[in-house]
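Contents: one structure, followed by commentary.
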Amino acid sequence: MFWNSKKEETAAPESGQAPAAKETRAFKAEIGEMLDLVINSLYSKKEIFLRELVSNASDAIDKAKYLALTDKSIAADNPEWRIDIIADKDKKTLTVSDNGMGMSAADMEQNLGTIASSGTKAFAEALKKDGGKNLPELIGQFGVGFYAAFMVADSVSVVSRKRDGSDAAEWTSTGKGEYSIGPAKKESYGTEITLHLREDQLEYTGQWRIENLIRSYSDFIAYPIRFGEKGEKPKDDAKPLNTMKALWRRSKSEVKPEEYAEFYKHFTHDYDEPAKTIHFSGEGAVEFKALVFIPKKAGMEIYMPQTKRGLSLYVRNVFIGDDFEMLLPEWLRFVKGVVDSSDLPLNVSREMLQDDATIRKIKQAVTGKILSTLEEMASKTPGDYEKFFSEFGRILKEGARSDWENSDRIKKLLLFPSAKSGPGKTISLADYVKAMPSSQNEIYYLAADRIEDARSAPQIEAALKHGCDVLFFTDPVDEWLLESLRDFEGKKLVNAAASDTVFGGIAEREAEKKSIEEAAAELKPFVEAVRERLKDSVKDVKISSRLTDSPCCLVSEPDAISPSMARIMRAMKQEVPEQKRILELNPSHPLVKKLAGLDGAERDDLVELLYGTALVAEGSPVPDAGKFAKQVAALMLK
Ligand code: ADP
C-alpha cells in the first residue's frame, strides 16, 4: 500500500504512448550491473521472486482501486480485482497477471528500465559486498523486487495496459544489458508478467509448488490469487490459493510468526523483520482489532514530525485508507500497522474522524498497548529494550515532552548514559533513584557533547566522591526535555555543573563549607589575581569543594544555557546571549598551590593556561587555540 511513496515522486517521461515500433535500449549502467549480480547469484531461495511479483500486483490493484474513487479519468470498470498465476509446462513459462493500475510505455521506461529507484546503485554495491548471501533482504530493502524474476527466468516480458487511456505496451529483456519497449495488444487493463523459466527452474510450473509458495508468502494478500495450468487463465470460480484472511481478524494463536513477518514486510516494504509485533483486540467500549509493528530501525521520521504517520484503517475488513494520523499520537510516528473497527460507518472520511469519539478511544487503547509492550520489554528483556531505545530514544523524549496524557509513563521508559553505568550502558530514571545514597535528594545530570567528555568532566568529581551517580545528557534534545522533566518521583533534576549545586549529606556539607572558607581566606590574594587576569573571560573565580582530582573547572549559573546547548543554538543560527561562567579552583590541588605561590608575568601566563585546560576538560573550544598550543609547547620545553 505504499505505492504512492518514493518512486512516484520522480516525474515520468512526458509521453505516455508506446513507440510505434519496438525499440531496444540499454539499461542504465547500475541496473545492468545489478542484474548481472542477480542472475549469477548463487542464492538458493530463488522462490522469493514470486512473492515480489505478487506483492507488486497487489500494490497495483490497491492503486487502481484508490485512484478510481478519486479520479474520474481512471477507468473503473469495477472488475473483480484479481491476480492470476498461469503456468505452461510446454512453453516453460510462468505468468503473473493482475487487473490493477497497469503501466504505460513511459512507466515501464521509468520503473523497469532506468533508475527504478535511487537505491538501485546502492543495492548493487551492497549486493557485491554481501556476495549475494542476503539477496532477498537486499531486494526488499532497495525496492527492486521486480528484478528478482531474473533469478529464475532467462527472459521476462511485461505486457501492460494502463487505466488512463495509454496504449498497451510491452517490455522485454533477457536481463543482459538491454531491454526493448514496443507496442502491444491487450484487451483488459492491468499487467501481465511472463517469465521464460530457465531449464533448471521448471519446478515453478508445478501447481503444488506455486500453491505452497503463495500460502507461505502471500496468504494475506487481499485479492484472490488463482492458479491456471497449460497456459490457461484460471476460471472465475476457481478456488483462490490464498485465504485472503486479514491477519488482524484471525486469532493470535492461529497466526504463525512467519506470517506476521511476511505481512509486515509486504506492508512496510521493510526488508527486516519487525522488532515487535503487537496484535490485540479492543475490549469494552469500542470493538476493534489492531495489528501494529515496531520496526527494528528508525527512519527519517525521527527527525521529521511532519512525516506521514498513523495506521491504516479498515472498517469491517474494508480498506478505508493509509496513514490515519488521528489513530496515534505524533511521537508514535515510527509505528506501522492496521486498525480494523466495526464501530465506524463504512463511508467515513478523514475529516469526519478528526474529532470522532470512537477514534479517540481507539487511539488511547492502541497507545496504551504500545506503552505497556515497551514497559514489558524494558523489564523482561532489557537488552532488546536498550536496542530499541538506541534507535527510537529520541522520539520517546519528544513524547515525554509533547504527549501530556502519557508523559509520566514515557518518562519511565527513558534511558540515559551515566557516570556509574559502564561504557555503552544506560540507566532509567527509576533505577537511578533506586541507587541513590540516602543522603542524596536530587537527581544530578551533566550536559555534554560527547559521553567521553562527560565521563572525564571535572564538574562531576564531587558527586562521585559522595557516591552519587550523574546522568549524562549527550543528546541535543535532552536539555530541551528538561522543560517538562523538572522532577522524577519527587526528586528534582539538578545540573551537576551549576554553581550552587552541592553534593552529600548535611553534616558532610557543613564540614566542607568550613574547610572551604578557611582555604578561601588563605588563598584570597591569589583568587583576586586570577579574577583580575581572567576578568574578560569569566564572571567570577571561587574556591570550591567540587573537585578532587582536577585543579579547576567551569560552572554555570543555575539557570544558564549549558555550553553544549549554546553550541547547538548557534549552529541553528539562533542568538545566544553571552554568558560568562564561574571558574572554580580546587584548593588542595598541587597546581593551585603552586600557582598561589607565584606572582607576576609567570603566574599570569599559567593562570591563562589553567583556564584553557578547564575549557578543554569539558570539551569546549579554547578561544585562541593556536596561542594555547604555543603556551603548552613552551611549557613542555621547560
Ligand atoms: P518496488 O515494488 O519495491 O517499488 P519493483 O522493482 O518491484 O520495486 O517495481 C518497480 C516499479 O514497477 C513499481 O514501483 C511499480 O511502479 C512498477 N510495477 C511493478 N510491477 C507492477 C505491476 N504489476 N503493475 C503496475 N506497476 C508495476
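Ligands are counted one by one from 1 in listed order, and the atoms in each one are counted from 1 as well. In this text, all values refer to a predicted model and were calculated from it rather than measured experimentally. The residues of the chain are indexed from 1 along the displayed sequence.
- Less than 4.0 angstrom separates some heavy atom of M103 from each of these atoms of ligand 1: 17 (C), 18 (N), 21 (C), 25 (C), 26 (N), 27 (C).
- Here D84 pairs with K233 in a salt bridge; the nearest charged N to carboxylate O distance falls below 4.0 Å.
- The shortest N/O to N/O separation between N56 and ligand 1 falls below 3.5 Å.
- S251 and S253 share a donor-acceptor pair across their side chains, judged by distance under 3.5 Å alone.
- Of all the atoms in ligand 1, the ones that sit under 4.0 Å from a non-hydrogen atom of G145 are 5 (P), 6 (O), 7 (O), 8 (O).
- Within the structure, side-chain hydrogen bond (donor to acceptor under 3.5 Å, both in side chains) contacts touching residues 237-247 (residues at least two apart or in different chains) are D219-T243.
- Heavy atoms of D98 found under 4.0 angstrom from ligand 1 belong exclusively to the side chain.
- Not a single N or O atom of H269, backbone or side chain, sits closer than 3.5 Å to an N or O atom of ligand 1.
- Residue-environment remark: NZ (K297) stays at or below the threshold of 12 foreign heavy atoms within 6.0 Å.
- The shortest N or O to N or O distance between L112 and ligand 1 is not below 3.5 Å.
- Residues passing the side-chain contact (heavy atoms from CB on, under 4.5 Å) test with P476, sequence neighbours excluded: R394, I568.
- One option in A57, G100, A64, A60 has a heavy atom closer to atom 25 (C) of ligand 1 than any other, and that option is A60.
- Counting heavy-atom neighbours within 6.0 Å of K186 NZ, excluding the residue itself, gives a total above 12.
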